[in-house]
Protein chains: 2
Amino acid sequence: MIYVPSRMGQLNRRALLRRLQKLGIASRAELAKSLGMSQPTAGKIVDELIAADVLEEVDMAETSVGETSLRGRPGRKLRLNHSKSRLLAIQLGLQSTTVTPLALGIPDVDEWQCQFSLAPNESESARVWENQLRAAAKKIGREDFLGALVSVPGVLDEQANRILFSPNLHWTEKSDLAQIVRRVWKLPVLLVQEERALALGHHLANPDCEDFLLVDFGEGVGGAIIVDGKPFANPLPISGEIGHTPVLGNSRKCGCGATGCMETLVSLRGLLESFSTATRGKKNTWPQLREHISEKGIEPWLASSLDAAATAIAGALNVLGLRRVFVTGSLTELPPAVMAHLSQAIESGSMWAKFGRVECVAAPRRRTAGLIAMGIDRLIVPDSDTKSFSLQKIASRNQA
Amino acid sequence: MIYVPSRMGQLNRRALLRRLQKLGIASRAELAKSLGMSQPTAGKIVDELIAADVLEEVDMAETSVGETSLRGRPGRKLRLNHSKSRLLAIQLGLQSTTVTPLALGIPDVDEWQCQFSLAPNESESARVWENQLRAAAKKIGREDFLGALVSVPGVLDEQANRILFSPNLHWTEKSDLAQIVRRVWKLPVLLVQEERALALGHHLANPDCEDFLLVDFGEGVGGAIIVDGKPFANPLPISGEIGHTPVLGNSRKCGCGATGCMETLVSLRGLLESFSTATRGKKNTWPQLREHISEKGIEPWLASSLDAAATAIAGALNVLGLRRVFVTGSLTELPPAVMAHLSQAIESGSMWAKFGRVECVAAPRRRTAGLIAMGIDRLIVPDSDTKSFSLQKIASRNQA
DNA sequence: TCATTTAATTAAGAAAACTACGGAAGTGCT
DNA sequence: AGCACTTCCGTAGTTTTCTTAATTAAATGA
């Protein structure tokens, strides 16, 4: 059954759900007080969300929370429905695709129920992929999902739900991925840019961090921005493309077509290329690199690459007015000296370091959490796109 | 008389006023249709705003607008009140301070009624400044202003209405400028960061441009960002600090305390320094530079400085997902080849250029327009900071 | 057991939007 | 000029949604 937002004001519903995400667990009364809305309003919204299996009441016996004020009738605590799979998550990666059903609770680690590989350069990739999805669909079975969320790499047009540019998975540019998934599951489908999913996931798992830049090092270098607890977006279907910041004096060709992009230096391949050159071709694998660094420390060739990344990141921090960077991916697997160097270089280039502290720390990739966050935001309490608020009109429109 | 927002929902009022800013002139019916709200609602809001002297009806005889649908009763057109000074604008510059009353209509060029200079290194700058303001107050007389808007350089904490850091006007860091102005005029006072005012002004004058980066070249290099027609902001009192993006290989000391900031290369002083070096000290003035460039074109020393600026700008565009840059200030006074080079360099580093066009054009400084935009946004239709929307509560709170 | 305190629900009322309708103010045709 | 037609704007009454106030529920501690 698809969740149909009934007439209650969406803004309050969104606000309440966001707040609950932040608090993790809370009672109706706590939510009402914390949002400044009346108890009856909060109560009604909660009732609706429970009826729609979005929230669930928690038996307080099982959870040991000391937060409760000791006197008076204890509140019935609420949380995101942890016990029922409401979303279908699909991750499209370079080598493999994974699929899993998800409840709305925040998973500690990413776990995928199905995994299958797509041979690269397959002539009919889209068709093959669809068949693999069908197999996964059989395995997973029919639950009443609210929608499917697909994490995809590349440049994504969220409005049109289409991939504009994907240097490593060119076939996705021509196929309508959302359409394919919809054919298999007959659900609302939302494509989510990979890095943005990571950033959202980090935010959902660390709700106190409301403003940060996440930079993911892998095949390329991608970024995503959370401002005010929301993903930063704008009309252009591009954002956080920090890996393609030009680096003066760098002449490597990038997959994007340009020359000198920062990611040609610090992506997996970029680092290995520099490593190979520095060792005169003797060593060129990732484990060798790791070992090499832990023995020799940060050599000049590596320092200059890291500095290039730090420059781009510091520039982004200055322009965005942020003070926190979370780093995920390959760089976090190298000896800690690497992150230390990067962190130090970012700090020296960042304006905010003159007033306060700039943080740059490693973090795990939380893709499924990000997809959940997106699902809640876009499927469960959708934002009626209308910028002008005629609340009642919007409500009635949604009802239809 | 101070404008007290009465009970009508603020969101709709904001939306309506924004739309009218965008349209310039429109009737109640046009506004209602364009916003998707009902005519009675739009009518009521308009009536309120007229009563508060924020809007005025325009005699259609005088304006020749062909837009009107030819049949039916013609609507009574509305626009921002152009005939009455509602705001007091103050511009705090390095050499001089200027003051002027402003109506809400968008001025074509900045005009300031009073101007006075503050000798640098004055021991009691704050006190002297206050006295100068008092003189200006006498000259301007007592109109019923809604508030005062002060354009200030440096790093501004908008929340606290205080200057955190101002490398060229250190005395402003210690004094409470808002308090000083309030002592002179007894009005609500709003400090506005200089570059942000420029960006807002550009937006108000060109309402179709809803997303852009503005870069101002002068004593330093400052930037400001408009996303979705609104100034981009976040918790940190810093943003758009594009001039302090580190440039690899640049070892000039910056006023901010760091080394290698981009603005040490392309600020007025930075350019002249490079110019002087390139001509072995023979030439070092701005007119000489202008002439030199128009004779010799873009020499390598200049090209590399411009490329550094372009790199920072392109990086910002990629991260923010923007495709438009407006450049104001000194760079626009140089021969057109300079802007052409910059524009070209930005394009080659920007991701969006691979999908569509990236624009980089010169624009005039529209500071007063920016202050008006800020005044409308923050004084006339203030945004109740509350993020959770309990519309009625907010309304009653404002009433009190 | 009962007063106290806090939570949740119910009922009644108010705010701000909406729809529907009617008069006003134009154009264009006869 | 008169009349049909169209569009604008305001009034009146309705609907939606939130609020406050009152009530019931569920705990603690004397």
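So that the names make sense, note that chain A is the first sequence line, chain B the second, and so on, each numbered from 1. These numbers come from the heavy atoms of this one structure, side chains and all, not from hydrogens, waters or symmetry mates. Please read all numbers here as calculations on a predicted model, not as lab measurements.
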Chemist: For B:Gln10 and C:dA17, give me the distance from atom CD to atom P, rounded to whole Å.
Modeler: 10 Å
Chemist: Rounding to a whole Å, what distance do you find between A:Leu31:CG and C:dA8:P?
Modeler: 9 Å
Chemist: Output the distance between atom CZ (A:Arg19) and atom CG (A:Asn12), rounded to the nearest 0.5 Å.
Modeler: 11.5 Å
Chemist: Rounded off to whole Å, could you give me the CD1-to-P distance for the B:Ile45 and D:dC9 pair?
Modeler: 14 Å
Chemist: Any ion pair linking B:Asp377 and B:Lys230 (charged N to carboxylate O, less than 4.0 Å)?
Modeler: no
Chemist: In whole Å, I'd like the distance from the CZ atom of A:Arg71 to the P atom of D:dT28.
Modeler: 13 Å
Chemist: OP1, OP2 of D:dG10 versus side-chain N and O of B:Arg28: anything below 4.0 Å?
Modeler: yes
Chemist: Using side chain to side chain contact (heavy atoms under 4.5 Å, CB included) as the criterion, point out the one residue from B:Arg76, B:Lys77, B:Arg79 that pairs with B:Glu57.
Modeler: B:Arg76
Chemist: Side chain of A:Ser27, heavy atoms from C-beta onward: which of C:dA8, D:dC18, C:dC18 has the nearest atom to it?
Modeler: C:dA8
Chemist: Which whole-number value in Å describes the distance from B:Glu48 CD to D:dC9 C1'?
Modeler: 16 Å
Chemist: To the nearest Å, give me how far apart NZ (A:Lys44) and C1' (C:dA12) are.
Modeler: 11 Å
Chemist: Which word best sums up how the rings of A:His202 and A:Phe212 line up, parallel for under 30°, tilted for 30 to 60°, or perpendicular for over 60°?
Modeler: perpendicular
Chemist: What's the CG-C1' distance between A:Leu11 and D:dT16, to the nearest Å?
Modeler: 14 Å
Chemist: Let me know, please, whether A:Pro40 or B:Asp47 comes out on the 5' side of the other along DNA chain D by nearest nucleotide.
Modeler: B:Asp47
Chemist: Would you say A:Arg13 places a side-chain N or O within less than 4.0 Å of OP1 or OP2 belonging to D:dC18?
Modeler: no
Chemist: Is a donor-acceptor pair below 3.5 Å formed from side chain A:Arg73 to base D:dA25, judging by atom type as modelled?
Modeler: yes
Chemist: Taking atom P of C:dT6 as reference, at what distance in whole Å does atom CD of A:Gln39 sit?
Modeler: 12 Å
